[in-house]
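Read the structure below first, then the notes.
Below, all heavy atoms of this structure are taken into account, side chains as well, without hydrogens, waters or symmetry copies. Whatever order the structure lists ligands and atoms in, that order sets their numbers, starting from 1.
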Amino acid sequence: MKLEEIFEAYKNYIMPTYTKVPLVFVKGKGSKLWDINGKIYLDFFPGWGVGNLGHCHPKVMQAVRDQVSKLIFIPNNYYHIPQAKLAKEIIYWIYPAKVFFCNSGAEANEAAIKFSRKFGRGRYEIITFENSFHGRTLAALAATGQKKYQSGFEPLPEGFKTVKFNDIEEVKKVITDKTVAIMLELIQGEGGVNVASKDFVLSLRKICDEKNLLLIVDEVQTGVGRTGKLFCYQHYGITPDIMTLAKALGGGLPIGVMVVKKEISDTLGPGMHASTFGGGPVICKAALAVLTAIQKEKLLANAQKTGEYIFNKLNELKNKYSIIKEVRGLGLMAGVELNIEGKSIVEKCIEKGLLINCTHDKVLRLMPALNITEKEIDKAINILDEVLK
Ligand SMILES: Cc1ncc(COP(=O)(O)O)c(C=O)c1O
């Protein structure tokens, strides 16, 4: 297909739910992407948080190839080896827990919301936070603390109370005898790369323990090595009751996981929740390859080292350009808050071959692959520098 034909097909046959950049990509390898004209881009926002190993990691490709030649799909009323291995591997790296497999972040959060209601036996209110993002399905959307995503889709499911992030007093004020859970991203991605303070998270844990509430940590974006630890909660010295995962775990294929602490995991029994494709053999093999690559290739150590490097470089830019208000984040999850709208900066970076994101209008978001090199960071920072100039 020619470029014009592709755009025409999208225009005529695909619903326009995404704001699109007029680029057609045909190949990816590591942090590089090739467009249809052969132009190469440096991808510092691979797959909106999906590409923690970069594009087409050889171990993921091999795992998928092996599995599709044996068994592509088997439903969840039977057993298969990749699902057993993946569940065991996830739990090996965290705390005693059980998992429920699904296909996306929103679906994992829906599962967490349903789980909480069942756990609550009549308690159903969930406290969430301003500027959070938990997905587009109705309950996940109701949990999302951003009106712009909810507008027009009312009435949303009841039972969510949204309060100011990082403000423990606000949380205390809205707890009632109907409250069952508190749900948060430890670093709000979509909401502008806002980092939860350690005090805040420790206080949330304490309140949940005292009042028998579930602490639900949405690690859809922060998980799988993004912040320099396998999961972001590990920076805080707490254990969530429920953790949701998706995005990067599948290495580019769709996955969602709800991870529930073992002692309460039997709250959901046979027939209470399901997802046809959840935890299929191909995706489980891909996810196992992702977790293996992270360990074998020491990608957490690389994320910590290159994370420090990129934050130093971004802070140098901050000292140089007054339009940068703040640089924040952790590991390889970086937000650069500007005094101006970031759209034109993103567009100019793309023209110069660098793919980044802007969220919340003014926050540039950089989330390169965990195997990024300092040389690639230098290249990206030089482009950003030229554009800011
Ligand atoms: C923190 C967080 N939770 C949930 C979601 C929704 O995930 P999905 O798009 O896979 O449904 C996202 C997506 O960006 C996210 O960043």
SB check E110 K114 (cutoff 4.0 Å): no
- request: Could you tell me the separation between the NZ atom of K305 and the CD1 atom of I372, rounded to the nearest 0.5 Å?
  value: 12.0 Å
Would you check if there is a donor-acceptor pair between the side chains of [Y] and [X] at a distance under 3.5 Å?
{"X": "H80", "Y": "Q67", "value": "no"}
{"X": "N302", "Y": "E297", "value": "no"}
{"X": "E316", "Y": "N312", "value": "no"}

- request: Look at the rings of F100 and H273 and say which category their plane angle falls in: under 30° parallel, 30 to 60° tilted, over 60° perpendicular.
  value: tilted
task: For ligand 1, list the protein residues that place a heavy atom within a distance below 4.0 Å of one of its atoms, sorted by chain and number.
output: S104, G105, A106, N109, F133, H134, G135, E185, D218, V220, Q221, K247
